[in-house]
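Below is one structure, written out as structure tokens; the observations come after it.
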Protein chains: 2
Amino acid sequence: MSEKGRIESASEATTLRLSLLLRCVRTLDAAGVRTISSSALAERFGLNSAQIRKDLAMFGEFGVRGVGYHVTELMSRLKEVMGLDRTRVVVIVGAGNLGQALADSRNFNGEGFTVAALFDVDGRKIGGRSRTVVLIRDASGIPVDAQQIGAEIGILAVPPDAAVAAAEALARGGVRAILNFAPVTVPPISDVIVKNMDLSFFLEGLSFQLARM
Amino acid sequence: MSEKGRIESASEATTLRLSLLLRCVRTLDAAGVRTISSSALAERFGLNSAQIRKDLAMFGEFGVRGVGYHVTELMSRLKEVMGLDRTRVVVIVGAGNLGQALADSRNFNGEGFTVAALFDVDGRKIGGRSRTVVLIRDASGIPVDAQQIGAEIGILAVPPDAAVAAAEALARGGVRAILNFAPVTVPPISDVIVKNMDLSFFLEGLSFQLARM
DNA sequence: TGCTGTGAAACCGTTCACAGCT
DNA sequence: AGCTGTGAACGGTTTCACAGCA
């Protein structure tokens with residue numbers, strides 16, 4: 001038994017696969033499956049068994065030789081590894097279509113996350129609430145409010161020219177990770193994880209593939 | 001002069017970088033910059049000059065030795081390579097928060113794309129319109145309507161249990177590429193490019209990184 | 001026997017460094 | 001001289017294949 005496997009790497013791709021794996025394991029758990037081998041997992045969800053084992057091995061020894069993985073245990077270990085065993089407070093800047101969509105999304109209010117506030121500059125929106133009753137606050141109060149709310153993660157759903165300033169405001173409010181959906185690159189901010197994620201890139205990716213067929 | 005460089009690979013990562021590069025080049029063009037070298041591009045936008053050259057070389061010879069790249073030409077060549085020199089018709093299934101957000105988004109109605117229809121199963125929504133006047137149609141008509149509209153790309157913004165059926169309906173309607181935002185994996189469909197893109201994976205990725213600091 | 005965990009091999013993408021064109 | 005385009009070196013990730021444990 002090794003002492004908690006090395007976590008030197010943990011690449012982007014690995015992270016994505018862990019999320020996918022967690023989803024698969026949740027599905028199995030909901031279906032009442034108790035135990036599953038890496039190859040059964042792979043076959044059932046179109047993955048690669050060796051890769052599953054390698055990914056998991058990176059964080060310790062999760063399985064039982066000759067048997068496979070215990071579904072409920074695997075699920076809770078995965079949540080732990082991914083930091084989903086606690087609830088992180090999320091705030092969203094930009095109460096437009098996208099911002100409200102995310103605020104009300106089951107995915108963003110499920111296990112591991114709660115959306116605690118929306119921020120906007122539009123006086124007509126401030127003081128209102130999203131469908132799931134998230135309060136819309138004045139964006140000028142971001143640093144103070146984020147701090148007070150205890151926000152750890154911020155999401156940018158603002159127009160491109162407002163993104164960088166909003167990111168900095170969030171950082172001042174103690175937010176430690178930012179997911180930016182605005183179509184500009186928010187440059188690195190010290191002590192903050194910034195993930196730029198322009199949705200139109202996915203559409204362009206499809207267009208690119210369609211163009212060469 | 002080589003005859004249009006080999007396109008054997010064109011990986012996911014390359015595609016994403018091309019989108020990013022196009023955005024950078026647009027910025028330069030808007031700023032009136034006429035000519036730029038790969039190293040200047042790299043420095044200005046935090047990229048890697050060798051990688052820019054490699055990425056571009058994959059699709060032909062774009063630059064001028066001793067000078068760099070002509071901004072407007074690079075921009076149009078990139079659009080061409082990515083299939084953005086024509087407008088593709090996009091339809092969105094699911095007229096909930098996210099579907100409407102995407103339908104109205106500048107990004108999804110910019111160069112290269114037009115959102116031509118929304119589909120939903122909710123009778124109260126059918127016949128209505130999004131803020132930017134995209135008509136909401138009955139989801140049961142997807143195969144017929146998508147065909148008639150000439151949709152090439154479909155976006156799934158539906159609940160998880162509706163995603164696979166919606167994808168199949170789109171495929172029957174002649175849609176050749178599908179972007180799935182629902183938190184389930186839509187399995188491969190023959191002759192259709194399927195891109196599964198659960199937004200909560202990005203949040204989980206941040207949580208994962210926060211968990212190990 | 002059956003499956004995990006893991007070194008070793010194969011593969012792929014990135015970075016380097018320079019030949020060659022302008 | 002300056003910068004592109006590219007073969008070669010490098011580093012990282014994926015796949016293979018098996019030793020070792022239940």
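Throughout, a chain's letter reflects where its sequence line sits, starting with A, and its residues are numbered from 1.
Atom CD1 in B/I52 sits roughly 9 Å away from atom P in D/dT4 (whole-Å rounding). In this entry the distance linking CZ of B/F59 with P of D/dT6 reads 14 Å, nearest Å. Separating the CD atom of B/E61 from the P atom of C/dC21 is a distance of 10 Å, rounded to the nearest angstrom. If you measure from atom CD of B/E43 to atom C1' of D/dC3, you get 15 Å, rounded to the nearest angstrom. What separates CG of B/D55 from C1' of C/dT14 is a distance of 10 Å, to the nearest Å. Distance A/M58 CE to D/dT13 C1': 9 Å, rounded to the nearest Å. The CG atom of A/L56 sits 14 Å away from the C1' atom of C/dC3 (whole-angstrom rounding). Atom-to-atom, CZ of B/F62 to P of D/dT6 comes out at 12 Å; the value is rounded to the nearest Å.
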Scan the side chains in residues 151-167 of chain B for donor-acceptor partners under 3.5 Å anywhere in the protein, sequence neighbours excluded, and list what turns up.
from, atom 1, to, atom 2, distance (Å)
B/E152, OE1, B/R86, NH1, 3.2
B/E152, OE1, B/R86, NH2, 3.1
B/E152, OE2, B/R88, NH1, 3.1
B/E152, OE2, B/R176, NH1, 3.1

Anything under 3.5 Å between a protein N or O and an N or O of nucleotides 16-19 of chain D, put it in a table, one pair a line.
from, atom 1, to, atom 2, distance (Å)
D/dA17, N6, A/R53, NH2, 3.3

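Here B/E73 pairs with B/R77 under the salt bridge (Lys or Arg N to Asp or Glu O under 4.0 Å) rule; sequence neighbours left out. The side chain to side chain contact (heavy atoms under 4.5 Å, CB included) search around B/N109 returns B/T114, B/V115, not counting sequence neighbours. For the side chain to side chain donor-acceptor pair (under 3.5 Å) test, no residue two or more places apart in sequence or in another chain qualifies with B/T72. In this view, A/S105 satisfies the side chain to side chain donor-acceptor pair (under 3.5 Å) rule with no residue, not counting sequence neighbours. With sequence neighbours left out, B/K54 forms a salt bridge (Lys or Arg N to Asp or Glu O under 4.0 Å) with no residue at all.
Under a cutoff of 6.0 Å and an axis angle of 45°, B/R106 and B/F108 do not form a cation-pi pair.
For residues 177-186 of chain B, the pairs satisfying side chain to side chain donor-acceptor pair (under 3.5 Å) are A/R23-B/T185, B/N180-B/N196, with sequence neighbours left out.
Taking a 4.0 Å limit (strictly below) on heavy-atom distances, residues 32-42 of chain A reaches DNA chain C at A/S37, A/S38.
A salt bridge between B/D85 and B/K79 is absent, with no side-chain N of the basic residue lying under 4.0 Å from a carboxylate O of the acidic one.
Between C/dG5, C/dT22, D/dT14, one nucleotide has an atom nearer to the side chain of A/Q51 than all others, and that is D/dT14.
For A/Y69, no side-chain nitrogen or oxygen approaches OP1 or OP2 of C/dG2 to under 4.0 Å.
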